[in-house]
*Asks:* 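Provided herewith is a single structure, encoded as structure tokens, for subsequent inquiry.
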Amino acid sequence: MQFDKSMIMDLIKQHGNDDQVQQADQELPDKVDSEKDAGLLQKYGVDPQVLIAKFGDKLPGGLGNKLGGMLGG
């Protein structure tokens, strides 16, 4: 699942120090893939599974929307 870099940066800012925030801003792509970029996410203390659970339903076609459709919602 892909996430905007800004969403990831907000999480890192909550948990990281200023050096981590600056480094992540330089390293992360504009669209972060929770599978492909899992190593980078974990480097900055972001668990890809937590990311999906927290933001998946806020994305167009996100996990929450898919589950809602399967459950008849």
*Asks:* With D25, which residues qualify under side-chain hydrogen bond (donor to acceptor under 3.5 Å, both in side chains), at least two apart?
*Replies:*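 Partners of D25 under the side-chain hydrogen bond (donor to acceptor under 3.5 Å, both in side chains) test: K5.
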
*Asks:* List, one per line, each side-chain donor-acceptor pair under 3.5 Å for residues 8-16, sequence neighbours excluded.
*Replies:*
none

*Asks:* When the side chains of residues 41-52 are checked against the rest of the protein, which donor-acceptor pairs come out under 3.5 Å, sequence neighbours left out?
*Replies:*
| unit_1 | atom_1 | unit_2 | atom_2 | d |
| --- | --- | --- | --- | --- |
| K43 | NZ | E27 | OE1 | 2.8 |
| K43 | NZ | E27 | OE2 | 3.3 |
| Y44 | OH | E27 | OE1 | 2.3 |
| D47 | OD1 | Q49 | N | 2.8 |

*Asks:* Could you note down all residue pairs passing side-chain hydrogen bond (donor to acceptor under 3.5 Å, both in side chains) where residues 29-38 supplies at least one of them, sequence neighbours left out?
*Replies:*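 Every side-chain hydrogen bond (donor to acceptor under 3.5 Å, both in side chains) pair that includes a residue of residues 29-38, provided the two are not neighbours, is D4-K31.
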
